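Report on the following structure.
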Amino acid sequence: MMRARYAWSVALLALSISTVGAYGPLGHEIVGAIADQKLAKTSTAQKIAGLLEGISLERAATIADEIKSWDKNGPGDAKAYPHFPNAPRLDAQLRDFWRANQPTHDLNSAMPSHHWFHYTDVPVSGSEKYADGKSGRTKWDIVHMMNFCIGVLQGDQPEDNARKITKPIAVVLLVHFAGDIHQPLHVGAEYFDGQGHVVNPDEGADALDDEGGNSLTLNLTSNGAAAAARPPRFHGFWDSDAVLANFPPLPETMTKEEKYARTEE
């Protein structure tokens, strides 16, 4: 019972924050910070602190995105972010995790890309649920990977697994995935036929998906003029710009705690 409570704490406490837009870095940090507050002075918090070598969930919540900076030159690049010299065990395990899940566009690759773990592309047509079909779901999507991470924490999955997801890595991934799975474009996609008509691929139609909005660009205007030389992708806009637009303007001199308090008002 205690194992299950511990394993679910990181995921469920963060998932319960329905009013937080946990998409870009700031949103992920807020989810992690709230989880830190909810778990404060509990035995679970002590276990997490031990696994993460003192790194807070607020800080850990953005790591799964930050390691994408290693994709170009690998985790050995001294200029690539992040590095955790004060948490050497976690630092080494993050690099092992990246090496075991290197980025690839080959969907048939035996080694999955760590990018795939952040989303699932369930067709949005007809309000389809995850269990209703197969299109857009894979064994490496966010639903399966969250369950895998929970299994590692519960001891149902060995830490010496092919994906190199140890207990510390499982915590890092779960606190991030808790935000990702609440981003609509991380869990759904629109599918189109060759003529650009919306179709449901689970009904037998050949279709291309919008990759969670990544293949769609926005032509934004401001006072009748183009807002940007390079139109943003819909997914990126929703991840960051749309979230930040809903935060009140805050002075840069305010502490993070003061900003959180003002945002909650």
Side-chain angles (χ1 to χ4, degrees), residues 1-67 81-97 114 117-118 142-143 145-161 163-183 243 254-265:
M1 182 66 180
M2 287 301 293
R3 284 194 309 145
R5 180 181 178 184
Y6 163 57
W8 280 100
S9 291
V10 175
L12 294 185
L13 282 173
L15 286 170
S16 68
I17 312 303
S18 60
T19 59
V20 175
Y23 312 149
L26 179 58
H28 281 293
E29 287 180 350
I30 291 175
V31 166
I34 293 173
D36 282 328
Q37 293 177 4
K38 294 286 188 179
L39 293 170
K41 299 180 181 179
T42 66
S43 60
T44 298
Q46 293 176 349
K47 292 178 181 179
I48 291 173
L51 290 173
L52 300 185
E53 298 176 80
I55 292 175
S56 66
L57 290 174
E58 176 185 354
R59 175 65 190 90
T62 58
I63 293 175
D65 275 345
E66 291 168 354
I67 64 172
Y81 186 81
H83 296 287
F84 297 98
N86 295 325
R89 185 178 68 250
L90 176 64
D91 194 78
Q93 290 180 11
L94 283 168
R95 281 155 174 70
D96 288 342
F97 168 74
H114 64 95
F117 303 164
H118 293 242
I142 190 170
V143 175
M145 294 313 296
M146 288 185 77
N147 283 330
F148 188 91
C149 291
I150 291 168
V152 171
L153 290 174
Q154 290 179 326
D156 298 327
Q157 294 283 352
E159 285 194 89
D160 185 20
N161 55 72
R163 305 279 58 79
K164 297 300 181 183
I165 297 178
T166 60
K167 288 184 178 181
I169 299 301
V171 173
V172 166
L173 295 178
L174 278 174
V175 72
H176 183 86
F177 293 163
D180 278 348
I181 205 168
H182 277 83
Q183 212 279 47
V243 174
M254 291 181 68
T255 66
K256 188 170 290 186
E257 290 73 19
E258 290 172 332
K259 290 180 180 179
Y260 288 164
R262 180 72 63 83
T263 301
E264 292 174 355
E265 293 177 355

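Since the model is a prediction, treat every value here as computed from it, not as a measurement.
- Remark: Gln93 CD to Glu53 CD distance equals 8.0 Å, nearest 0.5 Å.
- Taking each heavy atom of Cys149 and Ala170 in turn, the nearest pair found is O-CB, 3.7 Å.
- Counting heavy atoms from C-beta on, the side chains of Asp36 and Ile48 never come closer than 4.5 Å.
- Here the CG atom belonging to Asp65 is positioned 9.5 Å from the NE2 atom belonging to His114, to the nearest 0.5 angstrom.
- Side-chain contact between Met146 and Leu174 is present, with at least one heavy-atom pair separated by less than 4.5 Å.
- Ring geometry, His176 versus His118: the interplanar angle exceeds 60°, so the pair is classed perpendicular (tilted spans 30 to 60°).
- Residues meeting the side chain to side chain contact (heavy atoms under 4.5 Å, CB included) test with Gln46, sequence neighbours left out: none.
- Nearest heavy atom pair, residue Ile55 against residue Ala60, reads CG2-N, 4.1 Å.
- Nearest heavy-atom pair across His182 and Ala178 is ND1-O, 3.0 Å.
- Contact check for Glu159 versus Pro168: side-chain heavy atoms found under the 4.5 Å cut-off.
- Partners of Pro82 by side chain to side chain contact (heavy atoms under 4.5 Å, CB included), not counting sequence neighbours, listed by chain and number: Arg59, Glu66, Ile67, Ser69, Trp70, Phe84.
- We find the CD-OG distance between Gln37 and Ser56 to be 11.0 Å, quoted to the nearest 0.5 Å.
- For the pair Phe97/Thr166, no side-chain contact is recorded, criterion being any heavy-atom separation below 4.5 Å from C-beta on.
- Using a 4.5 Å heavy-atom threshold, the side chains of Asn86 and Asp91 count as separate.
- The heavy-atom pair separating Ala87 from Leu52 by the smallest distance is CB-O, 4.2 Å.
- Between Ile169 and Leu90 the shortest side-chain heavy-atom distance falls below 4.5 Å.
- In this structure, the side chain to side chain contact (heavy atoms under 4.5 Å, CB included) partners of Asn161, at least two apart in sequence or on a different chain, are Phe148, Val152, Arg163, Ile165.
- When the options Val31, Leu39, Ile34, Val172 are evaluated for a side-chain contact (heavy atoms from CB on, under 4.5 Å) with Leu57, the one that passes is Leu39.
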